[in-house]
Peer 1: 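One structure follows; several queries about it will come next.
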Amino acid sequence: MTRYFAGKLGEALVAIWGVVTIVFFVTRFLGDPVALLLPVGASPEQMQALTAELGLDQPIWRQYLTFLAQALTGNFGQSFQFGRPAIGVVLERMPATIQLALTAIALGVLIGGTAGAIAAMRRGSVAEFVVMTLALLGQATPVFWLGIMLILLFAVDLGWLPTGGYGSPANLVLPALTLAVFVSASIARLFRSSMLDVLKEDYVRTARAKGLMPATVFTWHVARNALIPVVTMIGILTGELLGGSVVTETVFAWPGVGRLIVQAIETKDFPVIQAGVALIAAIYVATNLIVDLLYALLDPRIKGSA
Amino acid sequence: MAPLLEVRNLTVAFDTAGGTVHAVNDVSYGLNEGETLGIVGESGSGKSVHVLAMCGLIPRPPGRIVAGQVLFQGRDLLTLPERDLRDIRGGQIGFVFQDPMTSLNPVLTVERQLVELIRRHTALDARAARARAIELLEIVRIPDAARRIGQYPHQFSGGMRQRVMIAIGVACRPKLLIADEATTALDVTVQAQILDMVKDLKREFGTTVIWITHDMGVVAGIADTIQVMYGGRIMERGPVDAIFADPRSAYSWGLLQSLPTAERRAEGRLHQIPGSPPDLYKPAVGDPFAPRNAFATPRCLTEMPPLRQVEGSVPGHLVAAWYDLPAALKARRETVA
Ligand SMILES: Nc1ncnc2c1ncn2[C@@H]1O[C@H](COP(=O)(O)OP(=O)(O)OP(=O)(O)O)[C@@H](O)[C@H]1O
Ligand code: SF4
Ligand SMILES: [Mg+2]
């Protein structure tokens with residue numbers, strides 16, 4: 001068990017290193033940030049001076065080694081735009097992203113879990129048809145379009161909620177709902193199909209042959225087993241949303257990590273891009289580790305084999 | 001004395017995309033208290049479906065009970081409200097299913113799977129139920145029961161898992177134990193141990209047993225009565241000795257012929273019943289086995305013979321046959337000679 005997770009941890013570190021390295025080299029192809037940072041008509045001397053100051057005159061391998069050495073200590077350099085440590089700029093945006101991600105996941109699990117369970121238990125009913133149609137639509141609808149439609153309806157037409165921004169719970173409703181639609185649609189579909197598989201299992205027949213109450217059969221024999229793949233999906237979705245939902249954050253002017261990174265790409269703020277991507281990779285890998293751990297807790301057969 | 005279980009004209013069908021499967025057709029029989037009934041027949045003969053249907057355990061849809069009554073201690077299980085049926089299942093009727101790997105929940109401990117059953121049907125509290133569960137594992141001879149009870153099914157060997165399954169079947173001292181291919185997947189030694197254990201349990205608790213298998217050899221060792229099924233019908237039924245000594249259905253005869261006796265094993269040949277199982281999508285007009293039966297008469301193909309007492313055999317030896325098998329066999333021997 002411990003060795004299993006030590007191995008996973010090693011894999012995780014290699015993955016983060018790989019992502020960070022790729023991003024380092026890709027950002028170098030974005031173009032020269034110096035021209036963007038200086039006012040129009042700056043002299044060649046000024047440009048050279050800034051290039052040297054940012055360390056961009058060094059050969060690329062040296063830049064890379066310096067970058068790696070500093071990154072190991074959590075130092076990604078000073079943000080070109082803000083003139084502060086890049087990692088600080090990114091971390092500041094985390095609370096907003098975490099708030100949005102966790103609200104969306106919680107809503108999605110609640111709605112999607114209930115809908116999926118109803119669809120599976122009421123096989124062939126109108127309820128199943130409605131749930132499955134909505135879920136299919138929910139998965140297929142582009143997030144930006146849904147976001148804009150929600151803004152038009154609830155903010156512009158009805159005036160119930162703000163169009164965007166950050167601070168009060170009212171600001172959170174529409175962006176969280178937008179993301180929750182996709183999350184709950186995915187969970188509803190997976191939970192339903194996984195329950196339908198489990199309902200065919202012999203051990204469910206055994207549970208019924210034991211005369212157990214329907215609620216016991218459902219909770220301990222059907223849902224308990226059907227949940228295993230769903231947990232994996234929740235973990236993956238959480239990892240993705242914690243990395244910042246670029247589109248939603250942009251549509252709703254939500255000051256999260258996703259939007260920050262897009263801005264950093266536009267302004268060629270290399271240190272912020274690198275710090276942001278490194279953090280996202282770390283979060284993603286960490287959620288995956290947690291999912292593996294949960295998986296082993298939910299399915300005793302894994303523990304036995306590892 | 002009224003029988004413990006009386007099945008009357010049980011008929012079960014499945015409505016599938018390919019048509020209606022006539023899985024069980026007009027099955028009637030009685031089972032006395034303390035009796036062990038062995039049900040034999042090839043795969044697809046309706047053995048499992050008919051016992052599952054009795055207790056409301058077939059999926060509906062696609063399953064459908066077309067007709068019949070199943071009287072258990074005088075009450076018709078087929079019309080009983082689901083609530084009352086739940087009280088009977090696991091309590092007065094215990095089940096042991098084939099393949100304990102898939103029939104036990106892989107993510108719950110054996111303890112949980114036993115205790116939830118015991119607490120459902122008795123007034124025992126959690127501690128007493130656990131003690132009872134350990135006792136049950138000891139009864140089915142699982143060594144080190146107090147420790148092993150906390151383990152998961154995958155941590156047990158196939159034979160041990162089957163014992164757990166049997167412990168579940170007998171946990172609430174059922175009046176009727178239904179074992180469906182309970183030893184089929186096990187090797188011969190383990191199979192023999194389990195059969196011995198079931199015989200002990202019967203002696204101790206007086207349990208009535210329905211033992212389903214497609215192995216005539218297993219049935220010989222455990223049953224009082226044999227019931228041979230084919231195409232969802234009873235072909236022949238009677239005391240073990242009578243069936244083995246004097247089979248009257250060509251199908252039972254074929255099954256007995258395919259038993260590996262010492263002599264046949266030595267010769268390295270096994271009799272296989274030629275032909276393929278019946279097409280259950282078409283309701284049989286005549287005897288479902290007739291197309292594979294070398295002794296079939298024209299009447300067999302067009303008219304299903306009723307299950308009748310065999311003339312000149314012991315009472316309770318019933319067969320569904322238009323022809324006289326002993327006479328036909330004798331005639332065949334003479335032509336060969
Ligand atoms: N859920 C189902 N849907 C459709 N047909 C079914 C279903 N369950 C059983 N059947 C059909 O009912 C018939 C009888 O099956 P049953 O399981 O009773 O056979 P069996 O005698 O127990 O065979 P085996 O020795 O393989 O266990 C088979 O033809 C089977 O295909
Ligand atoms: S009824 Fe006819 S076909 Fe069927 S077993 Fe008897 S003789 Fe054979
Ligand atoms: Mg069967």
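All chains are named by letter (A, B, ...) in the order of the sequence lines, taking the proteins before the strands, and each is independently numbered beginning at 1.
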Peer 1: Any heavy-atom pair between the side chains of B:P59 and A:K200 that's under 4.5 Å?
Peer 2: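 Not in contact.
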Peer 1: Please give me the minimum heavy-atom distance between A:P300 and B:P106, naming the atom from each residue.
Peer 2: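 Here A:P300 and B:P106 meet closest at CG-O, 3.4 Å.
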Peer 1: Sort A:L199 into side chain, backbone, both or neither according to what part of it lies under 4.5 angstrom from a heavy atom of chain B.
Peer 2: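 Neither part, no heavy atoms under 4.5 Å.
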Peer 1: What option among A:V204, A:L298, A:N225, A:I228 has the most heavy-atom pairs under 4.5 Å with chain B?
Peer 2: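 Maximum pair count with chain B is reached by A:N225.
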Peer 1: Given the rule in the side-chain contact (heavy atoms from CB on, under 4.5 Å) test, do A:T206 and B:Q113 qualify, once you have shown the distances and angles that lead to the verdict?
Peer 2: CA-CA 10 Å; A:T206 307; B:Q113 299 188 53; 6.0 Å; no
Peer 1: Could you tell me the separation between the CZ atom of A:R205 and the CG atom of B:L57, rounded to the nearest 0.5 Å?
Peer 2: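 Answer for the CZ-CG pair, A:R205 versus B:L57, is 8.0 Å.
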Peer 1: Identify the residues of residues 119-142 of chain B whose heavy atoms come closer than 4.5 Å to a heavy atom of chain A, ordered by number, or report 'none'.
Peer 2: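 B:R120, B:H121, listed by number.
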Peer 1: In terms of heavy-atom proximity below 4.5 Å to chain A, should B:R83 be classed as side chain, backbone, both, or neither?
Peer 2: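 The answer is neither part of B:R83.
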Peer 1: Roughly how far, to the nearest 0.5 Å, is the CD atom of B:E116 from the CG atom of A:L212?
Peer 2: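 Atom-to-atom, A:L212:CG and B:E116:CD are 4.5 Å apart.
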Peer 1: By a 4.5 Å heavy-atom criterion (distance strictly below it), what part of B:L52 contacts chain A: side chain, backbone, both, or neither?
Peer 2: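 For B:L52, the contact with chain A is made by the side chain alone.
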Peer 1: Output yes when a side-chain donor or acceptor of B:N105 lies under 3.5 Å from a complementary backbone atom of A:W220, and no otherwise.
Peer 2: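 Side chain of B:N105 to backbone of A:W220: a pair is present.
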Peer 1: With only heavy atoms counted, which part of B:I168 is less than 4.5 Å from chain A, the side chain, the backbone, both or neither?
Peer 2: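 Only the side chain of B:I168 comes within 4.5 Å of chain A.
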Peer 1: Look up atom CG in B:L85 and atom CZ in A:R208, then write down how far apart they are to the nearest 0.5 Å.
Peer 2: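 B:L85 atom CG to A:R208 atom CZ measures 9.0 Å (nearest 0.5 Å).
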